[in-house]
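Report on the structure given below.
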Amino acid sequence: MKGVISVFEYDLLGNENVRKPGIVSLPAGVFKHLEAMALSEKGCLFLRLTARDNHRLLQVQNYAGMLFTPLGIHLEILPKVGRNLTAEKARETLLIMLSYLTGFRHIETQQASVQTYSKPLLEIFITQFLQSLSLLLKKGLRSEYRVHSGNLTFMKGKLNVPAQLRHNVINRDKFFVSYEEYSSDNPANRLLHSALNKLSKMPLSAGNQQWLQELRFAFDDIAVSQDIESDFSQLRVGRNMVHYEAPIEWAKLILTGMSPMALQGEANSISLLFPLEAVFESFVAQTLAEELPRELKIIPQSGGLSLVNHKGKNHFSLRPDLLIRKGLPAKNHIVMDTKWKLISQHSKNQYGLSQADLYQMFAYGQKYLEGDGEMYLIYPEHDNFTGPISHHFAFSDTLKLWIVPYRITASKGQRFSLQ
């Protein structure tokens, strides 16, 4: 795919005149576009203005995904999941996490290969859409009977007597009729055709462009959607349309840019950016049950307790990412919190831990465990953090905190373990 610039989370971006180590040079028009976004009144969560040696720069924040920019260039932002990082590993990590995110469960990761991850994210998404659509066409496009009404020059279906008397008292050579027609021109197929039509105007790889054109022939007799929102609202994907689920989800992504953060771009663009902190938290919450003993019950985003009470009212809500309960009746057993940050197993500079995070865990321990129990801070595994920090952090003789990695790309049952 032409016109793709790949960068990593927290990379520094400069215009094409800046040629310095550690800075990604962008075409002047692209840099100007991104700088304007960062300076907009609404603000920009994924870019921060900064400077080095009198050069204006942009720093990518903790977001990942793809962004359409002018000049036909897509900016691909990849998660920073290690010091010795490859784009392939970063894409694999992001896609695995996204496949557990609501609205993106149709993403295929089980059959993905190293060659797949060598492609930009947009190409991977489009390939999966085309693949799901090919499977649908093998099963056949859904057709259904639709009722039509019209004033025809021939008799067809059932004569609508009131309408006939109203319209054809003089024109007796016409028939106002209602009739059924078996057609594949329905909301689902119109949306799929519209998604193909939109992609055909984008600079895709030669292979995907050819594949796309071949699939479009199957939709020659189907109109593109004239009202995308209305067609989506009419969708009813029942048991007899299960094979439509994946291609329709991809079509929704392509046509409406649905994501945790969708950006407005050109009419024929797709811009998707994901806040990695939230994506990682969701991934851990969705997969943790596969890693823990069955008798432990996981409560995500538990609330109800506050840091202080003032004049009879609670203030400063405390909501740990994960609360683990055990027993009958269930009692709070473990408190867990996830952090999207690279830390180190080496004690130099306190492992890269944040003092604020430890204060937060102390508050959780006092309120949810009454100062007696174990807690876990969960960080993504990377090449410099492959196992738990060997010793716990003791807030007291009875309240302990463990710092542990979560292995995103590992198989089920191997991502995480309690101390």
Side-chain angles (χ1 to χ4, degrees), residues 42-43 45-46 48 61-63 97 100-103 259-261 274-343 350-380 388-389 391-406 415-419:
K42 296 180 180 179
L45 296 174
F46 69 95
R48 182 175 69 85
Q61 299 302 290
N62 58 336
Y63 282 77
M97 289 195 295
Y100 285 84
L101 197 65
T102 301
S259 80
M261 183 178 179
F274 304 88
L276 287 167
E277 186 78 38
V279 171
F280 181 58
E281 177 189 325
S282 176
F283 173 72
V284 173
Q286 295 288 331
T287 58
L288 189 61
E290 301 170 343
E291 313 300 319
L292 298 180
R294 291 186 177 183
E295 66 268 18
L296 299 181
K297 183 178 181 182
I298 303 169
I299 311 295
Q301 280 288 311
S302 178
L305 299 181
S306 300
L307 185 62
V308 296
N309 184 283
H310 177 64
K311 294 182 179 180
K313 292 185 179 180
N314 292 325
H315 297 271
F316 307 113
S317 176
L318 295 173
R319 296 177 64 87
D321 292 336
L322 298 159
L323 183 62
I324 312 300
R325 290 177 176 165
K326 182 180 180 180
L328 289 173
K331 294 183 178 180
N332 295 345
H333 181 57
I334 298 172
V335 171
M336 296 180 174
D337 220 46
T338 60
K339 303 293 179 185
W340 180 261
K341 181 182 177 182
L342 298 186
I343 66 166
Q350 298 176 332
Y351 306 96
L353 298 173
S354 162
Q355 182 172 304
D357 291 342
L358 266 66
Y359 279 139
Q360 183 183 49
M361 296 305 293
F362 177 71
Y364 289 158
Q366 295 301 317
K367 292 292 183 175
Y368 283 90
L369 300 178
E370 298 179 348
D372 185 0
E374 294 192 333
M375 301 183 294
Y376 288 78
L377 265 176
I378 301 173
Y379 295 85
I389 292 177
H391 297 284
H392 67 264
F393 291 76
F395 290 110
S396 68
D397 291 339
T398 57
L399 187 61
K400 301 175 182 179
L401 173 67
W402 296 94
I403 309 299
V404 295
Y406 206 84
R415 301 187 186 102
F416 173 83
S417 61
L418 295 171
Q419 291 294 306

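These numbers come from a predicted model, not from an experiment.
Formation of a donor-acceptor pair under 3.5 Å by the E277 side chain with backbone atoms of W340 is found in this model. Checked by atom type and distance alone, the side chain of Y368 pairs as donor or acceptor with a backbone atom of L318 at under 3.5 Å. Under the 3.5 Å distance criterion, the side-chain polar atoms of K297 are left unmatched by any main-chain donor or acceptor of G327. Side-chain atoms of S306 do not come within 3.5 Å of backbone N or O of V308 as any donor-acceptor pair. One N or O on the side chain of R319 and one on the backbone of Q301 form a donor-acceptor pair closer than 3.5 Å. Under the 3.5 Å distance criterion, the side-chain polar atoms of T398 are matched with a main-chain donor or acceptor of G371. A donor-acceptor pair under 3.5 Å is absent between the side-chain atoms of S282 and the main chain of A278, judged by distance alone.
Side-chain atoms of K339 and Q360, non-hydrogen and from C-beta on, do get closer than 4.5 Å to each other. Residues Y379 and P405 are not in side-chain contact: their nearest non-hydrogen atoms beyond the backbone lie 4.5 Å or more apart. No side-chain heavy atom of D337 sits less than 4.5 Å from a side-chain heavy atom of Y376. Between I298 and L292, some side-chain heavy-atom pair lies under the 4.5 Å cut-off. Residues M361 and V335 are in side-chain contact: their nearest non-hydrogen atoms beyond the backbone lie under 4.5 Å apart. Between M375 and L369 there is a side-chain heavy-atom pair separated by less than 4.5 Å. Contact of the L377 side chain with the W402 side chain is not registered, since no non-hydrogen atoms from C-beta on lie closer than 4.5 Å. Side chains of T287 and Y406 form a contact here, defined as non-hydrogen atoms less than 4.5 Å apart.
Rounding to the nearest 0.5 Å gives a distance of 4.0 Å between CD of E281 and CG of D321. Atom CE of M336 sits about 9.5 Å away from atom CD of E374, to the nearest 0.5 Å. Interatomic distance, N332 CG to I324 CD1, rounded to the nearest 0.5 Å: 10.0 Å.
Listed here is the closest heavy atom pair of L288 and F416: CD1-CD2, 3.7 Å. The shortest non-hydrogen separation linking L399 to Q366 is CD2-NE2, 3.6 Å.
Note: F283 and Y100 have perpendicular aromatic rings, judged against thresholds of 30 and 60 degrees for the angle between ring planes.
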